[in-house]
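Bear in mind that the values here come from a model prediction, so they are computed numbers and not experimental data. Below, read A as the first sequence line, B as the second, and so on, with proteins coming before strands; counting in each chain starts at 1.
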Amino acid sequence: MPELPEVEVVRRGLEPAVRGALMAAVTVHDERALTRYPGGAADFEAALTGARLVGAARRGKFLWLPIDGEERAVVGHLGMSGQILLRPAGAGPERFERIRIDLEHPSLGELSVVFADQRTFGSLAIDRLVPTVDSRAGGVGDAAPRVPAQVAHIARDPLDPAFDDVAFRRALARKRSGVKRVLLDQTVISGVGNIYADESLWAARIHPETAAETLSTRAVNRLLTEIRAVLEKALAEGGTSFDAQYVNVNGQAGYFAHSLNAYGRTGLPCPRCGTSIRRDAFMNRSSHFCPRCQRRR
DNA sequence: TATTTTACCTGAGGGC
DNA sequence: TGCCCTCAGGTAAAAT
């Protein structure tokens, strides 16, 4: 399931292939991949064909490809099962292929960007770029102080140099919800999903249902440190793959699944104390934690 | 206003 | 073999 590390792996793979590339042809196979674009398929294809891309940027789990000479970008979200693949020109259709963009790159020649998505929670769109409220760079990979309008309400992610630790602590102090619920709120902190929330809380020894407002400054700082450590380690290992759902732009899986301490390890011993990892129902999904290391206050 | 719940979606895998 | 059920979960809209 693509969270920040997986999306960043995709961004890094995409950037050299799209920078300076002309979109020679755009084909929408399945309009459900345009749920965040009200203009529809024909308009999407016409608007992009002939335009040039200048790079690949990311904030949290959102990606965008700014268009040369316009204050607009192609915006992407992988949802649950989305993939962005780089393929040689003329390559056969991918399983679950929804949109294909054929590129002419000044040095790499012809290639195709394929958006494939089994569960269709992901999407591509064209969106206008608006100024950031703090005048800092919009995200990783775009130094300009601009961000797609539909991403503007998403908080910066903890690997963003402009992430505000103090504001994060203040936000937590105002929240009456459990801390895990707040970590999944992309308007408070972005990029963290169910897997890395469980892993970060395990590392920081915090129970997922601990009321956010009761966390001490020290505990919040420890949590933030562990979130960054977990995300960076996952990024270094190419992301987390359980099956064919998440892959990089070349279709390869990541290795971080081997490094998980809590997520998906129900009944297995906690790597720190040996107690069986517990799984509790949480928001129509699951929380995994060590009932001994992560005591509820 | 703040918080919680639900809808969206489809294939994999288990039980029978 | 095949049918039915459960599960995976990010986002935004709807409900409380």
Any A:R285 side-chain N or O less than 4.0 Å from OP1/OP2 of B:dT6: no
Result of checking A:D280, A:N194, A:D198 against A:H288 for side chain to side chain donor-acceptor pair (under 3.5 Å): A:D198
For DNA chain B, the residues among residues 3-11 of chain A that have a non-hydrogen atom under 4.0 Å from it: none
A:R136 atom CZ, over 12 foreign heavy atoms within 6.0 Å: no
Rounded interatomic separation in angstrom, taking CZ from A:R174 and P from B:dA2: 9 Å
Interatomic distance, A:R176 CZ vs B:dA2 C1' [rounded to whole Å]: 9 Å
Minimum side-chain heavy-atom gap A:L14-A:L86 below 4.5 Å: yes
Rounded distance (Å) that lies between atom P of C:dG10 and atom CG of A:L63: 15 Å
Working for side-chain hydrogen bond (donor to acceptor under 3.5 Å, both in side chains), residues A:R272 and A:N261: CA-CA 9 Å; A:R272 205 163 34 210; A:N261 291 306; over 6 Å; no
Atom-pair distance (CG on A:N284; P on C:dT11), nearest Å: 16 Å
Residue of the set A:T240, A:L201, A:I227, A:L184 for which side-chain contact (heavy atoms from CB on, under 4.5 Å) holds with A:Y196: A:T240
Evaluation steps, side-chain contact (heavy atoms from CB on, under 4.5 Å), between A:F62 and A:V151: CA-CA 7 Å; A:F62 280 87; A:V151 184; 3.7 Å; yes
A:K180 charged N/C atom sitting above A:F282 aromatic ring, 6.0 Å / 45°: yes
A:A197 backbone acceptor or donor facing A:S200 side chain under 3.5 Å: no
C:dA8 phosphate, OP1 or OP2, under 4.0 Å from A:S286 side-chain N/O: yes
Distance test, side-chain N/O of A:K175 to OP1/OP2 of B:dA2, below 4.0 Å: no
Nucleotide-resolved protein contact map, nucleotides 8-13 of chain B, B/S/- at heavy-atom distance under 4.0 Å: BBBSS-
N/O (side chain, A:H77) to phosphate O (OP1/OP2, C:dT11) under 4.0 Å: yes
Side-chain N,O (A:R181) to OP1/OP2 (B:dT3) below 4.0 Å: no
Phosphate OP1/OP2 of C:dT11 contacted by A:H153 side-chain N/O (<4.0 Å): no
Distance in angstrom units between A:M80 CE and C:dC7 C1', rounded: 10 Å
Main-chain N/O of A:V7 paired to A:R11 side chain as donor or acceptor, under 3.5 Å: no
Residue of the set A:K61, A:R228, A:R58, A:R59 for which side chain to side chain donor-acceptor pair (under 3.5 Å) holds with A:D157: A:R58
A:R100 and A:T27: side chain donor to acceptor below 3.5 Å: no
Integer-rounded Å distance: B:dT4 C1' and A:K180 NZ: 16 Å
Basic-acidic side-chain contact under 4.0 Å: A:E94, A:R87: yes
Within residues 182-199 of chain A, residues whose heavy atoms come under 4.0 Å of DNA chain C: A:Q186, A:G193, A:N194
